[in-house]
Amino acid sequence: MTRKGPEGLLISPIRHGTVIDHITAGQALNVLRILGITGTTSEEVSVATNVASGRVGKKDIVKIENRELRKEEVDRIALIAPDATINIIREYAVVEKKGVEHPRELLGVVRCPNPGCITNTAEPARSRFIVVRNGLRCHYCDWLISKEIAEHIL
Ligand code: CTP
Ligand code: ZN
C-alpha cells in the first residue's frame, strides 16, 4: 500500500481526493470528459498517460483533489477503463480502494446511435443497453456499439 509506483516520479501524491488508477492506457482524457473536467473548471487535477505498470503493461492515472466520485461517474468510467481502481485519499493515506463494477445492463448511460430508435424520439424511452461479448447492444433496436464507446456515453 505504501510502495511508491513509477508514476510517483511524474505526479505527486495528493492530500484529499480521488486517484483513479489502472486506467486503460490512452483513456485518461475520456475519463476527464466523463467527469466534466475541462480546461476551464477549477479542480486541481493531475494526469499521467502511458505509465509503465506491471499489471496492465501501460496505464493512465487521474488524480483529483478534494473530490469523491458519484456511482454514475464510476459506472461510466468502467465502460472505457474496465481495470480501473478508485482510491479515496484522506490526509495522504489510501482509506478506500475499489475496482469498478461491470453491470450486465446499462440504464441511461449510453445514447443509442440509431436515430430511429425509440430512445431518440420526441418522448424518448430511457436508453437501455445489454453488455454483450463484443460490445453493447440496444435493448430496443438491437444496434451494436462495438467501438469508441466513449463517444456514446451520456
Ligand atoms: N496515491 C496518491 N496520493 C496519495 C496516496 C496514493 O496519489 N496520498 C496514489 C498512488 O500513487 C497510486 C494510488 O494512489 O497510484 C494507489 O495508492 P497505493 O494503494 O498506495 O498504491 P499501490 O499499492 O501500488 O496500488 P495497487 O495495489 O492498487 O496497484
Ligand atoms: Zn436503440
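Both backbone and side-chain heavy atoms feed into the values below; hydrogens, waters and symmetry mates do not. We count ligands from 1, going down the list as the structure has it; atoms in each ligand are counted the same way.
- Among residue pairs with one or both ends in residues 66-79, those qualifying as side-chain hydrogen bond (donor to acceptor under 3.5 Å, both in side chains) are E43-R67, R67-E73, E68-R90, R70-E72, R70-E73, K71-D75; sequence neighbours excluded.
- Only one option out of K98, K97, K59 pairs with D21 in a salt bridge (charged side-chain N to carboxylate O under 4.0 Å, His left out); it is K59.
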Subject >> Verdict with reasoning, N87 to I20, per side-chain contact (heavy atoms from CB on, under 4.5 Å) >> reply: CA-CA 6 Å; N87 299 273; I20 311 165; over 6 Å; no

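- Close approach to N87 involves these atoms of ligand 1, each under 4.0 Å from a residue heavy atom: 13 (C), 16 (C).
- Around CD of E91, the count of heavy atoms belonging to other residues, nucleotides or ligands within 6.0 Å exceeds 12.
- Atoms of ligand 1 lying under 4.0 Å from any heavy atom of K63, numbered from 1 in the order shown and given with element: 2 (C), 7 (O), 11 (O).
- Within the protein, the N, O or S atoms sitting under 2.8 Å from the Zn ion (ligand 2) are C112 SG, C117 SG, C138 SG, C141 SG.
- The heavy atom nearest to atom 9 (C) of ligand 1, considering only T18, V19, T85, I11, is found in V19.
- Within the structure, the closest approach of I61 to ligand 1 does not fall below 4.0 Å when heavy atoms are considered.
- Pairs passing the side-chain hydrogen bond (donor to acceptor under 3.5 Å, both in side chains) check and including a residue from residues 143-154, sequence neighbours excluded, do not occur.
- With ligand atoms numbered from 1 in the order given, ligand 1 contributes 2 (C), 3 (N), 4 (C), 7 (O), 8 (N) to contacts under 4.0 Å with heavy atoms of P13.
- Checking side-chain atoms of D60 against main-chain N and O of G26 turns up a donor-acceptor pair under 3.5 Å.
- Evaluation of the salt bridge (charged side-chain N to carboxylate O under 4.0 Å, His left out) test over residues 126-143, restricted to residues two or more places apart or in two chains, returns E105-R128.
- No N or O atom of K59 sits closer than 3.5 Å to an N or O atom of ligand 1.
- Interface atoms of ligand 1 facing H22, defined by a heavy-atom separation under 4.0 Å, are 26 (P), 28 (O), 29 (O).
- Under 3.5 Å, the side chains of N50 and K58 contain no donor-acceptor pair of N or O atoms.
- Residue I14 has at least one nitrogen or oxygen atom sitting less than 3.5 Å from a nitrogen or oxygen atom of ligand 1, judged on distance alone.
- Not a single heavy atom of R15 sits less than 4.0 Å from an atom of ligand 1.
- Remark: K63 does not engage E65 in a salt bridge, criterion side-chain N to carboxylate O under 4.0 Å.
- Remark: side-chain polar atoms of S127 are paired, donor with acceptor, to backbone N or O of V110 under 3.5 angstrom.
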Original post:
Which is it for I37 and I64 under the side-chain contact (heavy atoms from CB on, under 4.5 Å) test, yes or no, and what are the steps along the way?
Top reply: CA-CA 10 Å; I37 296 167; I64 314 162; 4.1 Å; yes

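- Residue D21 places at least one N or O, backbone or side chain, under 3.5 Å from an N or O of ligand 1.
- Near K97, with a cut-off below 4.0 Å to any heavy atom, the atoms of ligand 1 are 16 (C), 18 (P), 19 (O), 25 (O), 26 (P), 27 (O), 28 (O).
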